[in-house]
Peer 1: 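One structure is given below, represented as structure tokens, and several questions about it will come after.
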2 protein chains.
Amino acid sequence: MSKLLNEISRYVRQVLEDAEISNKAPSYLIVRNAFADLIASEVISRDEKLPSERLLHETIGVSRSTLREALALLEAEGLLHRMDRRGWFVSAARVEYEPATLEGFHTFVGRQGHIPRTEVLDQQLVPVNEHTSQIFSAPRRGKLYLIKRRRYIDERPVVVEHIYLDPRRFPKLLEHNLNGSLSAVLEKTYGVRTTNADVTMYPSVLSGAVATQLHVSPSTPSLYISRVCRSKDQVVTEYNENFWHYSAIKLKLAVVRTRD
Amino acid sequence: MSKLLNEISRYVRQVLEDAEISNKAPSYLIVRNAFADLIASEVISRDEKLPSERLLHETIGVSRSTLREALALLEAEGLLHRMDRRGWFVSAARVEYEPATLEGFHTFVGRQGHIPRTEVLDQQLVPVNEHTSQIFSAPRRGKLYLIKRRRYIDERPVVVEHIYLDPRRFPKLLEHNLNGSLSAVLEKTYGVRTTNADVTMYPSVLSGAVATQLHVSPSTPSLYISRVCRSKDQVVTEYNENFWHYSAIKLKLAVVRTRD
DNA sequence: TAGTGGTCTAGACCACAGA
DNA sequence: CTGTGGTCTAGACCACTAG
């Protein structure tokens, strides 16, 4: 869209010019701010693709590196995201995720007016390693199911999930349809229900395979969330690791003091 | 330390060479992996400063940009951090933070064997804005205390905190010593106790003033955590925003299903 | 096939930190 | 004062996406 390019470059050049007089901020920050303005005022719409980097940097009048630095910053803030070799896109508003509710992906995404989808990438039986054997209190020679799923919000892939389960507890699990709610399958077929969990989260970057599966470049910032889920008897039901494209979510938590 | 430089460059060049034969991964990823190895095997120790970028990129044999890209990646993963214009440092292991416990900074940092410190940067009375007036249900013309504090783990500045409180509820608050636990002051002096809170968190980047206060460059990745704290009667006791240098922490959460 | 984003290079200047 | 990290430029090639 040549019209969009014009609007962007006109505004960004304007801001750069103003800044030259008064400001001592680096160009990439000024460019970042200008883009942030354009996104906020919806000159560039949600989910819209930006013009190509070369068109942008030439019409704006900064080097391609500087432009990319500004865009990477907006990516780190969750305002933009990239799809590998496909370009830059304005991110939709973050969906609220409450890990404390044990609420499923389809539930909370749907409730907020978005369309969820889950897709199984791979399912197999893998040997336990040091880490998983400890979590499951499983014997060293045992095996675990490993299910890898990719999940979408409004058809944008936002998270890859690795789920480990004990085949002794869930025999023939892989014969079921795992494209929906896993906890529903565990409950209906096996009568097992997760009642509590230990959650660990920290920001990181998406590495190799996961980056590819989410169609992003391998250095994309991410949010790592892992959960050890247990049933009422405190036996581990599943262990899962979620690699979130972090511009997609915002975490919420309702805290109540229980201890004194 | 010329010895450190030698060890680093020897290993990284070795890995790059090996990769040239077999691998198709980009150089900056190979360099990243090599540094990650060196950190994991403690060839470079926790908290140690890396040799200068120029020394590194020359002896390793990649351009300075490529080297910086690798280092920035490690920063985004929390393995390295920068102090503005002071260089790159290996980050200490993340401290575990459990926002759900309402436990104070000094408590959880101390319990994990680290030394916490809090420092008031600024304290003032500010007019309410649209956002804070809504949170406090405060009248439009009212004022709020705004306290800005910087907190350290082992003398490394890791978080800047903005705390809003209602002066009608806590008169003369600013006359107290606020370099310790604020909740202790609220409880002992005013008999007010926070019993529950709503927490929102998402990764972002540190902007202007906060970046300066943490001695990092303005594009450093961060974790934003805000909390609306309430007492038993559901009246807001304080509203605070925390800007974390995110390599410093790892979030933990114990979840129990309450509904259904 | 044309043009894109991803990667990479070899410079340069500046403001600031540390000696 | 010296050397550092922070910023910025003007190129280049490649693998891939989109048409």
Peer 1: Under 30°, 30 to 60°, or over 60°: which ring-plane class applies to A:Y97 and A:F108, parallel, tilted or perpendicular?
Peer 2: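 Parallel.
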Peer 1: What's the CG-P distance between B:L67 and D:dT4, to the nearest Å?
Peer 2: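 After rounding, the gap between these two atoms is 13 Å.
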Peer 1: So, does A:S27 get its side chain near the phosphate of D:dC8, meaning an N or O under 4.0 Å from OP1 or OP2?
Peer 2: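 Looking at the OP1 and OP2 atoms of D:dC8, one of them is under 4.0 Å from a side-chain N or O of A:S27.
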Peer 1: State, with a plain yes or no, whether a side-chain heavy atom of B:P157 is found less than 4.5 Å away from one of B:Q213.
Peer 2: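 Of all side-chain heavy-atom pairs linking B:Q213 with B:P157, none is under 4.5 Å.
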Peer 1: Mapping A:L29 and A:D84 onto DNA chain D by nearest heavy atom, which one lands closer to the 5' end?
Peer 2: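 The residue mapped nearer the 5' terminus is A:L29.
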Peer 1: Which nucleotide in the list C:dG5, D:dT7, C:dC16 gets nearest to the side chain of B:R68?
Peer 2: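 Taking heavy atoms from C-beta onward, the closest nucleotide is D:dT7.
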Peer 1: Where the side chain of A:R85 is defined as all heavy atoms beyond and including C-beta, which of C:dT4, D:dA15, D:dT7 is the nearest nucleotide?
Peer 2: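 In terms of side-chain proximity for A:R85, the closest of C:dT4, D:dA15, D:dT7 is D:dA15.
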Peer 1: To the nearest Å, how far apart are B:H57 NE2 and C:dA12 C1'?
Peer 2: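 After rounding, the gap between these two atoms is 13 Å.
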Peer 1: Hey, is CD on B:E155 packed in by over 12 heavy atoms from elsewhere, all under 6.0 Å?
Peer 2: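 Count over threshold, so yes.
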Peer 1: Counting heavy atoms from C-beta on, name the nucleotide in C:dT9, D:dA15, C:dG18 closest to the side chain of B:R86.
Peer 2: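 Per side-chain heavy atoms of B:R86, the pick is C:dG18.
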Peer 1: Give a yes/no on whether any side-chain N or O of B:R82 is located under 4.0 angstrom from OP1 or OP2 of D:dG6.
Peer 2: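 Checking D:dG6 against B:R82, a side-chain N or O does come within under 4.0 Å of OP1 or OP2.
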Peer 1: Please figure out whether B:E69 or B:R64 has its closest DNA chain C nucleotide nearer the 5' end.
Peer 2: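 By nearest-heavy-atom nucleotide position, the 5'-most residue is B:E69.
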Peer 1: On the 0 to 90° scale, with breaks at 30° and 60°, tag the A:H81-A:H245 ring pair as parallel, tilted or perpendicular.
Peer 2: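 It falls in the perpendicular class, over 60°.
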Peer 1: Rounded to the nearest Å, what distance is computed from the CD atom of residue A:E58 to the C1' atom of nucleotide D:dG11?
Peer 2: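 Taking atom C1' of D:dG11 as the reference, CD of A:E58 is at 12 Å.
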Peer 1: Rounded off to whole Å, could you give me the NZ-to-P distance for the A:K49 and C:dT4 pair?
Peer 2: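 Distance, rounded to whole Å: 8 Å.
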Peer 1: Need to verify one output field. Residue with the more 5' nearest nucleotide on DNA chain D, B:R54 or A:S63?
Peer 2: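 Its nearest nucleotide being more 5', the pick is B:R54.
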Peer 1: Any side-chain N or O of A:S217 below 4.0 angstrom from OP1/OP2 of C:dG5?
Peer 2: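 Checking C:dG5 against A:S217, no side-chain N or O comes under 4.0 Å of OP1 or OP2.
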Peer 1: Is any side-chain nitrogen or oxygen of B:S65 closer than 4.0 Å to OP1 or OP2 of C:dC8?
Peer 2: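 Result: no.
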Peer 1: Applying the Watson-Crick and G-U wobble criteria at under 3.5 Å, what pairs with D:dT17? Answer none if nothing qualifies.
Peer 2: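 Answer to the pairing question: C:dA2, which forms a Watson-Crick or G-U pair with D:dT17.
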Peer 1: Does a side chain donor of either B:W88 or B:E53 reach within less than 3.5 Å of an acceptor in the other side chain?
Peer 2: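 B:W88 vs B:E53: donor-acceptor pair found between side chains.
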